[in-house]
Asker: 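Starting off with a structure, shown below.
Each chain gets a letter, A, B and so on, in the order the sequences are listed, and its residues count up from 1.
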Amino acid sequence: MSNINITLPDGSVKQHEAGVTAMDVAMSISEGLARNVLSAKVNGEVWDATRPITTDAQLTLLTWNDDAGKNTMWHSSAHMMAEALEFFYPGIKLAIGPPIENGFYYDVDFGDYNFTEEDLQKVEKKMLELAKAKNPFIRKEMPKAEAVAYFTEKNDPYKLELLQDLEDGNITFYTQGEFTDLCRGPHIPHTGYIKAAKLLSIAGAYWRGNENNPMLTRIYGITFPKSSDLTAYLELLEEAKKRDHRKLGKELELFTFDDDIGPGLPLWLPNGAFLIEQLEWLAKETERKAGYHRVRTPHIAKETLYLTSGHLPYYKDSMFPPMEMDGSTYYLKSMNCPHHHKIYDASPKSYKDLPYRLAEYGTCYRYEKSGELFGLMRVRSLQMNDAHIYCTKEQFEQEFKAVNDMYLKYFKIFGIDKYIMRFSTHDPARLGKKYVDKPELWKETEDMVRNVLISSGIPFKEVPDEAAFYGPKIDVQVYSAIGKEFTLATNQVDFSQPLSFNLTYTTPENEQKHPIIIHRAPLGTHERFIGFLIEHYAGKFPLWLAPLQVKILPISEKFNEGCKKILQSLENYDIRASIDDRSEKIGKKIRDAELSKVPLMIVIGEKELEEGLVSVRKQGEGDQGTMPVEQFAEAIQREIKELLSV
RNA sequence: GCCGGUGUAGCUCAGAUGGCCAGAGCAGCUGAUUUGUAAUCAGCGGGUCGGGGGUUCGAAUCCCUCCACCGGCUCCA
C-alpha cells in the first residue's frame, strides 16, 4: 500500500495510507473530533466521511458547525424519513428529498392515501427508532441499466425520470437499514448521529416545480445532533411567530383586511397610516436633497399606454381586468414607469435637463393570484417608493452609484444589516420572448451595472435569467424574522422603454439621443416595507417612527390635570404623547403601555408635579429615574436626530 | 391557480359521537375605588356559529357549494 499526503485546512500535511477515510484522519487527531464528523470536503467536493481517499488530497472535516455538515445530516435525515414512510406506507413513490436551509423535505406520491398532520407523529417516532439502530449509510456505484432495472422493479416513475438525466458511470445508490435510494450523497456515517427529529409540516408541491406536473405531498422536517438543539429551535420558531407582522399588525392596530374590501387590499388604521407618513416624509426629504422632482399620476390609464410600454403582453394576466369606457379600454396601473415617461415627454429635453429625476409614492394595483397573497408582503394594492432617472450614458455610472448610496443610507437608518444585492441578468436564449430582443444593448448595460457594482465594492450575487423584460435589475434581498426571504427593494436599468416611447434629449451637437432610465425603489412598497419593519423591530419602532412616543401615566386621577400641562410641554417639542387617564392602578397602566410597545413612559404623581420632574420608564428596560421635563424632551429630540443623521 | 388544513363575540379560544335559551378569559361600557413601576373589584352589553343550499323532528356539529385565511407549490414588472 502506498502513502498519500493529506493536507489539512491549517496547512499541515500528514502521511496516510491510500484508502484512508476522513473518519480515520479525524480519529488520528482526536476521538472527540471524530465523534462530531458528519462528512468531509475532499479536494473541494463534499464526501462521505467513510469513503476511502486514494490520492493526495486537501481535506476539511465537516461537523454540525459547518453548513455543509448540517446539509449532510439533513440529507441523511430525509433518507431516514423515507425509510420510516415506506415502513408505514409500502408502495409509496418517492420523488426527491434534499436538505434545505432549515432541515429537509421529501416529496412523496402517496397514491390514494391522504397523508395528514396526524400521521406525522408516528413517522417521527419511527425515525427516532431508526436513528437509535445506528444503521450505516452504504454507498454503491451502479451502472445505469442496473439502476433503471431497480426502479422499474420498484415501479417508481419519478426516480426513473431523474435517472434519464444522469450519465452512466456517475450513478450511486445509498442504503441504510431497509432503505435504498438513488443518491449522489454524501451521507453521515450512520443514523445514530441523529438524536432529535421533528416533522414540521405537510404541503403540496409540484413534481419538478412545474405547475403542469402532478402535485406531490411534501413533508418538511428537521433533525439535530442534540435534543437540546431541537428544543432551542422550536423556541426560536415560537419567537418568530410572535414577530409575525400579521399578528403584530393586529395587536398594534396598524392595518386590517376586510371581506367587503377584498383580499390583498389592506386598510391602514391610524397607527399604520402614521408609519406611512413618516416613511414618505423620509423619502421626500432624501429625494429632495438628491435632486428629484416630485410628481403625481392617475391610478388608471388607457390600454394604448401599456401597449407602447410593452408591459401589457408580459403582464396582462397579473393586471386587474380592463374597464371599457367611452370607446376606450382602461387599466388600473400596475406600474408607474410609463406615466413618468409621459411626464418626461411632456416637454422637449436638452442635455442640460439631464439627469432628470422623477419621484412619486405611486399607488399600483396588481392581480396577484389568490394563493400568492401573504399579509402585507404580497398584496394587490401597493404604494411604491418609485422614481425614474433619465440620464445620458456618461452620467449613468454616477447616477447609479448615487442610487446605491441612497439604499445604503436607508439600510443604516433602519439597521438592516442582513441583505444581499442580487444582480439579475438576461438569458440570451430567451431574447424576443422573456426579454426585449436587443442583444448588444443587453450586454452594454449589464457590463455598465457590473462595473459600478464592482467599483463601488458592494457585495452582490449575479443571477442569470432573472432580469426585467426591459433591462437588468438589482434586487435587495432581506430576511424577515420568520425566515422568509423577500425582495425589499429594486433597482433596474432600462435601455428599452426610451426607444418604445421615443424619449429623447438634444445633445450639445444638436442631435436627438435616447436617455437611459434607472428605475429605483429603495423603500420598495409601503406594504412590504412596513411588513418587514414590523418583524425587524418586533413591533418596537424606533422613536422617530413610533406612532406614539410617550405615554403619560398619572398615579391617580387626581393628577390628570397636572399631566395635561406636561402633555402640552411635550407637544411644544413636537413629541407625540398621550395620557392614560383611566381610573386604573399604576401597575395596570404600565402593563398596558408596555404591551402596546410605546417606547417611553413617564409616571407622574404628587412628587413629580411638586418638583417639576418626570419619572421615565423605557419600554422593555424599566425605570430610568427622574429628570426635568425639558431635559426629557430634549433627549428625545437628540435621539431622533441621531437616528436619522447617518 | 394547485395540494392540504382552518373558519364560534373586537381579540385568544372551549363547545366528543347532531338534542334544554351557544360558553370562558381579555377588550368595551357603567359604577365603586384614588392607587408609586407589568393585571383593583362588581355589574352590564355584545355572536346571521364565514355565506348559501341540503340531510334531519332537530345542525355550530353531517353532506354539497362558494368565500376568506393559514402551511407550502407556482408566480412576483
Side-chain angles (χ1 to χ4, degrees), chain A residues 105 107 110 114-118 200-220 244 246-247 250-251 253 256-264 306 309-312 314-319 333-338 364 366-375 377-379 382 384 386 424 434 466-471 473 475 482 484 486-487 490 492 494 497 519 521 525 528 553-560 582-595 601-608 615-620 622-625:
Chain A
Y105 66 79
D107 282 347
F110 281 95
N114 183 12
F115 187 82
T116 67
E117 310 254 343
E118 283 152 35
L200 299 162
S201 63
I202 307 175
Y206 299 109
W207 165 236
R208 303 203 129 181
N210 184 329
E211 59 184 320
N212 300 316
N213 283 342
M215 178 75 70
L216 304 169
T217 303
R218 176 169 296 179
I219 306 172
Y220 285 91
D244 191 315
R246 293 165 298 184
K247 183 175 156 65
K250 202 178 273 176
E251 288 170 6
E253 298 181 11
T256 188
F257 291 93
D258 185 280
D259 280 353
D260 284 328
I261 303 287
Y306 301 112
S309 72
H311 282 99
L312 203 57
Y314 288 96
Y315 300 116
K316 193 175 197 308
D317 287 346
S318 48
M319 291 174 78
K333 74 172 168 186
S334 60
M335 71 294 293
N336 306 300
C337 330
C364 301
R366 293 179 181 178
Y367 178 70
E368 304 285 2
K369 289 195 234 162
S370 61
E372 290 162 354
L373 299 172
F374 179 72
M377 299 303 198
R378 276 294 278 284
V379 288
L382 41 111
M384 203 189 300
D386 214 353
S424 304
K434 193 175 169 191
E466 291 281 331
F469 74 87
Y470 46 68
K473 66 174 181 177
D475 288 328
I482 35 184
K484 278 177 184 284
F486 284 97
T487 302
T490 174
Q492 294 155 13
D494 181 357
Q497 291 196 62
H519 305 236
T525 66
R528 189 173 289 189
L553 310 176
I555 296 284
S556 91
E557 281 178 304
K558 280 193 292 199
F559 311 113
N560 283 356
R582 297 174 302 167
S583 111
E584 293 287 352
K585 287 166 75 167
I586 190 66
K588 169 72 167 166
K589 292 183 185 182
I590 287 173
R591 180 181 156 81
D592 287 348
E594 287 278 348
L595 290 175
M601 289 147 262
I602 51 179
V603 176
I604 304 297
E606 196 169 356
K607 193 175 71 192
E608 286 79 5
S615 288
V616 181
R617 185 186 166 97
K618 273 193 183 168
Q619 204 277 343
D623 198 344
Q624 306 287 306

Asker: Using atom P in both nucleotides, what's the gap between B:U33 and B:C70 to the nearest angstrom?
Answerer: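 To the nearest whole Å, 47 Å.
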Asker: Protein-nucleotides 74-77 of chain B N/O pairs closer than 3.5 Å?
Answerer:
unit_1, atom_1, unit_2, atom_2, d
B:U74, O2', A:E211, OE2, 3.1
B:U74, O2, A:E372, OE2, 3.3
B:C75, O2, A:E372, OE1, 3.2
B:C75, O2, A:E372, OE2, 3.0
B:C75, O2, A:R378, NH2, 2.5
B:C75, N3, A:R378, NH1, 3.2
B:C76, O2, A:R378, NE, 3.4
B:C76, O2, A:R378, NH1, 2.7
B:C76, N3, A:R378, NH1, 3.2
B:A77, OP1, A:K473, NZ, 3.3
B:A77, OP2, A:K473, NZ, 3.2
B:A77, O4', A:Y315, OH, 2.8
B:A77, O3', A:Q492, NE2, 2.9
B:A77, O2', A:Y470, OH, 3.2
B:A77, N6, A:S318, O, 3.4
B:A77, N6, A:S318, OG, 3.0
B:A77, N1, A:S334, OG, 3.2

Asker: Return the value, rounded to whole Å, for the distance between atom CE of A:M215 and atom C1' of B:G1.
Answerer: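 In whole Å, B:G1 C1' lies 9 Å from A:M215 CE.
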Asker: Assign A:F257 to base, sugar-phosphate, or nothing according to its heavy-atom contacts below 4.0 angstrom with the strands shown.
Answerer: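 Answer is nothing: A:F257 stays at 4.0 Å or more from every strand.
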Asker: Quick check: do A:P263 and A:F257 have side-chain heavy atoms less than 4.5 Å from each other?
Answerer: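 A side-chain contact under 4.5 Å is absent here.
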Asker: Where is the tightest heavy-atom contact between A:D317 and A:Y367, given as atom of each residue plus distance?
Answerer: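 Looking at all heavy atoms of both residues, the closest pair is O-CD2, 3.7 Å.
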Asker: Within a radius of less than 6.0 Å around CD of A:E251, do more than 12 heavy atoms belonging to other residues, nucleotides or ligands occur?
Answerer: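 Enclosed: over 12 neighbouring heavy atoms sit under 6.0 Å from CD of A:E251.
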Asker: Give me the distance, rounded to whole Å, that separates B:C11 from B:U40 when you measure between the P atoms they each carry.
Answerer: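 The same atom, P, in both gives a distance of 24 Å.
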Asker: Send over the distance from A:Y105 OH to B:G71 P, rounded to a whole Å.
Answerer: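 Whole-Å distance recorded here is 18 Å.
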Asker: Round to the nearest Å and state the distance from A:E117 atom CD to B:C70 atom C1'.
Answerer: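 Atom CD in A:E117 sits about 11 Å away from atom C1' in B:C70.
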Asker: What residues, two or more places apart in sequence or in another chain, satisfy salt bridge (charged side-chain N to carboxylate O under 4.0 Å, His left out) together with A:R366?
Answerer: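 Counting only residues at least two positions away or on another chain, A:R366 forms no salt bridge (charged side-chain N to carboxylate O under 4.0 Å, His left out).
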Asker: So which heavy atom on A:R246 is nearest to which on A:F374, and how close?
Answerer: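 Scanning both residues completely, I find the closest heavy atoms to be NH1-CE1, 3.1 Å.
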Asker: Between A:F469 and A:Y315, does a side chain to side chain contact (heavy atoms under 4.5 Å, CB included) hold up when you go through it step by step?
Answerer: CA-CA 10 Å; A:F469 74 87; A:Y315 300 116; 3.6 Å; yes
Asker: Any side-chain N or O of A:R246 under 4.0 Å from OP1/OP2 of B:C70?
Answerer: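 Yes, such a contact exists.
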Asker: Over 60° means perpendicular and under 30° means parallel, so classify the ring planes of A:Y470 and A:H311, tilted if in between.
Answerer: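 Perpendicular, since the angle between the ring planes exceeds 60°.
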Asker: Could you work out the separation of B:C29 and B:U65 based on their C1' atoms and round it to a whole Å?
Answerer: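 Per the computed distance, 41 Å lies between those C1' atoms.
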Asker: Are the side chains of A:D475 and A:K473 in touch, meaning some heavy atoms are under 4.5 Å apart?
Answerer: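 They are in side-chain contact.
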Asker: Starting from C1' on B:G71, measure out to CG on A:D244 and report it in whole angstrom.
Answerer: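 Between C1' of B:G71 and CG of A:D244: 12 Å.
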Asker: Under a 3.5 Å distance rule, please check whether A:Q624 uses its side chain to pair with a backbone N or O of A:G622 as donor and acceptor.
Answerer: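 Answer holds: yes.
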Asker: When you compare B:G51 with B:A59, how far apart are their C1' atoms, in angstrom units rounded to a whole number?
Answerer: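 Between the two C1' atoms, the distance is 16 Å.
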Asker: Just so I know, are the side chains of A:D592 and A:R582 near enough to count as touching, which here means a heavy-atom distance under 4.5 Å?
Answerer: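 Heavy-atom side-chain distance check passes, below 4.5 Å.
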Asker: What string of B, S and - do you get for nucleotides 8-16 of chain B, 5' to 3', when a contact is any protein heavy atom under 4.0 Å?
Answerer: ----S----
Asker: Would you measure the distance from the C1' atom in B:U8 across to the matching atom in B:A22 and give it in whole Å?
Answerer: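 The answer is 8 Å between these two C1' atoms.
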Asker: Is there a side chain to side chain contact (heavy atoms under 4.5 Å, CB included) between A:R617 and A:L553 once you walk through the steps?
Answerer: CA-CA 10 Å; A:R617 185 186 166 97; A:L553 310 176; 5.9 Å; no
Asker: When you look for runs of 3 or more Watson-Crick or G-U pairs in a row, both distances below 3.5 Å, which of them include RNA chain B?
Answerer: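 If one scans RNA chain B for consecutive Watson-Crick or G-U pairs, the stems found are B:1-7 with B:67-73, B:10-13 with B:23-26, B:28-32 with B:40-44, B:50-54 with B:62-66.
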Asker: Pick the C1' atom in B:G15 and in B:C21, then give their distance to the nearest Å.
Answerer: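 Rounded to whole Å, the distance is 16 Å.
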Asker: Would you say A:N114 reaches B:G5's phosphate, i.e. side-chain N/O to OP1/OP2 under 4.0 Å?
Answerer: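 Yes, within the criterion.
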Asker: Nearest-nucleotide wise, let me know which of A:S370 and A:A205 is further upstream toward the 5' end of RNA chain B.
Answerer: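 In this pair, the answer is A:S370.
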Asker: Give the intermediate values and the outcome of side chain to side chain contact (heavy atoms under 4.5 Å, CB included) for residues A:M319 and A:L312.
Answerer: CA-CA 8 Å; A:M319 291 174 78; A:L312 203 57; 3.7 Å; yes
Asker: Please report, rounded to the nearest Å, how far the P atom of B:G72 is from the CZ atom of A:F115.
Answerer: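 Checked: the CZ to P distance equals 17 Å.
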Asker: Tell me the interatomic distance from A:I202, atom CD1, to B:G5, atom C1', rounded to whole angstroms.
Answerer: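 In whole Å, B:G5 C1' lies 9 Å from A:I202 CD1.
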Asker: Taking only the P atom of each, what is the distance from B:C2 to B:G47 in whole angstrom?
Answerer: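 Taking atom P in both B:C2 and B:G47, they lie 36 Å apart.
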Asker: In whole angstrom, what separates A:K558's NZ from B:G36's P?
Answerer: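 After rounding, the gap between these two atoms is 10 Å.
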Asker: In whole angstrom, give me the gap between the C1' atoms of B:A24 and B:A9.
Answerer: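 Nearest-Å result for B:A24 against B:A9 at atom C1': 11 Å.
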Asker: For A:E594, run the side-chain contact (heavy atoms from CB on, under 4.5 Å) check against A:M601, A:K618, A:K589 and tell me which one passes.
Answerer: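 Answer to the side-chain contact (heavy atoms from CB on, under 4.5 Å) test with A:E594 among A:M601, A:K618, A:K589: A:M601.
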Asker: Can you give one letter per nucleotide of nucleotides 37-53 of chain B, going 5' to 3': B for a protein heavy atom under 4.0 Å from the base, S for sugar-phosphate only, - for none?
Answerer: BBBB-------------
Asker: Can you tell me how far apart OG1 (A:T116) and CZ (A:F110) are? Round to the nearest 0.5 Å.
Answerer: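 Interatomic distance, A:T116 OG1 to A:F110 CZ, rounded to 0.5 Å: 10.0 Å.
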Asker: Taking only residues two or more places apart in sequence or in another chain, which ones pass side chain to side chain donor-acceptor pair (under 3.5 Å) with A:K250?
Answerer: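 In terms of side chain to side chain donor-acceptor pair (under 3.5 Å), with neighbours along the sequence ignored, A:K250 is linked to no residue.
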Asker: Could you state the CZ-C1' distance from A:R582 to B:C26, rounded to the nearest angstrom?
Answerer: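 Taking atom C1' of B:C26 as the reference, CZ of A:R582 is at 13 Å.
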